[in-house]
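Below: one structure, written as structure tokens.
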Protein chains: 2
Amino acid sequence: MDRRQKKTREAIFAAFTSLLAEKSYHQISVQEIIDAADIGRTTFYAHFETKDYLLKDLCEELFGHIIDTAMGLPSGHYHCTCGSAEDSVFLHLLRHLQENDRNILELLSSENNELFLSYFKSNLKKLIVSQYAEKGMLKENGLPEDYLVNHISATFVETVSWWLSRNRKESPEEMTEYFLTLMHPIIGE
Amino acid sequence: MDRRQKKTREAIFAAFTSLLAEKSYHQISVQEIIDAADIGRTTFYAHFETKDYLLKDLCEELFGHIIDTAMGLPSGHYHCTCGSAEDSVFLHLLRHLQENDRNILELLSSENNELFLSYFKSNLKKLIVSQYAEKGMLKENGLPEDYLVNHISATFVETVSWWLSRNRKESPEEMTEYFLTLMHPIIGE
DNA sequence: AATAAAACCGAACAATATGTTTTGTAACAA
DNA sequence: TTGTTACAAAACATATTGTTCGGTTTTATT
């Protein structure tokens, strides 16, 4: 890939995330992104068709990366290590989030965070399917599988959101315990 | 209230919901609402400061009404009637939703429904607090109360959303069973 | 080092949306 | 009937969007 393209793309992403830290997505105009990134108007539209596609690409990068690193992990949960949640995928995700790579926490805890949370959730579903559903680690209780997958993803996203809204007072280990308590009737070996 | 005001307000709401049935919130311009409602530009701004406030007022009316009718109900759940979920507040909500008053289902199942779902959720929280939390109907398991309230609300909204995305193939009774299965470790007497 | 391809810039453009102002008319409540 | 209020129509400044054009700089390749 051309060095210029990469540089421009990064500049747009940087400007965009910077703006997202101070105002909500819909309040940001393309013009502002252009000014903040210090690029030409034509250049922006050469890279991204619309503002929505820019958001999509950014989220794909951010959440795709996090989910990918968790994909290879063992999907064990707290039962495996006698009460602790040490090797849970969810604990890994929380720890990874806490590193605040690329200011991802700013986005997830911003005022109008529904957009980011929904991207997070849709990426998370893939992980749940491959790590739990396809490995038969969901308890048999008569509920449709996609309903369960959706519920697990949604609940984890809500857990993260709640955690952030309280400024991460709890440790990732504690939050994993919270989450797994709620998941108790569903996830098991 | 002046007859004219009421009429105009209703016309705007009707035009707005009609437009929301065919395109997403952010794709709708104030101009379109004005044209569809067949009113003057000035009139719109006399009623609503911005498009966001219009949305807020509409949701307040729609969800406020549904939540209010459920407020007075007994908060019993399936244990009370020997296995059935007959007198659950949640069953009542699902039945009420199914009547599709004011095309509320169109909104909740539209393409970009995060906005409506989040309004639904925030109204639902009040109900959960008054019907469950304040009556001590949440099981003691070491989790913070507001975390539980948020989880119950979020899960119910997700359940409704999943139900609608599958064109309501399941009955309200069945969906209540699904939901209460997930809530089993949390809600109890 | 020379060259062709590309990415970029700046300016301008039409089209559309926003929110306000003004002036006049019609409907309402008392 | 009378004073008040809601509405309409038109115009307005301002801002944003997405595109087009000509020209410049950087890049990869030979």
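Here the structure is a predicted model, which is why all the values come from computation and not from measurement. We name chains A, B, ... by the order of the sequence lines, and we start the count at 1 in each one.
- In this structure, B:Ile28 and A:Ala46 both approach DNA chain C, and ranking their closest nucleotides by distance from the 5' end singles out A:Ala46.
- A close approach under 4.0 Å does not occur between any side-chain nitrogen or oxygen of B:Thr43 and OP1 or OP2 of D:dA6.
- A straight line from CE of B:Met1 to P of D:dA6 spans 9 Å, rounded to a whole angstrom.
- Taking atom CD1 on A:Ile34 and atom C1' on C:dG10, their separation rounds to 12 Å, with Å as the unit.
- Remark: A:Thr8 is in phosphate contact with C:dC8, judged by side-chain N or O atoms under 4.0 Å from OP1 or OP2.
- The side-chain heavy atoms of B:Leu55 and B:Phe16, taken from C-beta on, include a pair separated by under 4.5 Å.
- Side-chain contact check for A:Phe120 versus A:Val160: some heavy-atom pair is nearer than 4.5 Å.
- Whole-Å rounding puts the B:Asp2 CG to D:dG3 P distance at 19 Å.
- Residue A:Arg3 places none of its side-chain N or O atoms closer than 4.0 Å to OP1 or OP2 of C:dA6.
- If you take NZ of A:Lys6 and P of C:dA7, they are 15 Å apart, rounded to a whole angstrom.
- With distances taken from any side-chain atom of A:Thr50 to the nucleotides D:dG18, C:dA7, C:dG19, the minimum falls on D:dG18.
- More than 12 non-hydrogen atoms from other residues, nucleotides or ligands lie less than 6.0 angstrom from CD of B:Glu22.
- Comparing C:dA17, D:dA8, D:dT19 against the side chain of B:Ile39 picks out D:dA8 as the nearest.
- Regarding A:Lys7, its NZ atom lies at a distance of 9 Å from the P atom of D:dT26, rounded to whole Å.
- Residue A:Met183 holds its CE atom at 3.5 Å from OG1 of A:Thr155, rounded to the nearest 0.5 Å.
- Here A:Thr42 does not reach the OP1 or OP2 of C:dC9: none of its side-chain N or O atoms lies under 4.0 Å away.
- A donor N or O paired with an acceptor N or O is not found under 3.5 Å between the base of C:dG10 and the side-chain atoms of A:Arg41.
- Closest to the side chain of A:Arg4, out of D:dT17, C:dA26, D:dT27, is D:dT27.
- If you measure from atom CZ of A:Phe44 to atom P of C:dA11, you get 20 Å, rounded to the nearest angstrom.
- Contact annotation: the side chain of A:Asp52 approaches that of A:Tyr25 to within less than 4.5 Å [non-hydrogen atoms, C-beta and beyond].
- Here the P atom of nucleotide C:dA7 and the CD1 atom of A:Ile12 are 13 Å apart, to the nearest Å.
- Residue A:His47 places no side-chain N or O under 4.0 Å from the OP1 or OP2 atom of C:dA7.
- Where A:Glu49 and B:Gln5 meet DNA chain D, the nucleotide closest to each residue was compared, and B:Gln5 sits on the side nearer the 5' end.
- Rounded to whole Å, atom P of C:dT18 lies 15 Å from atom CZ of B:Phe48.
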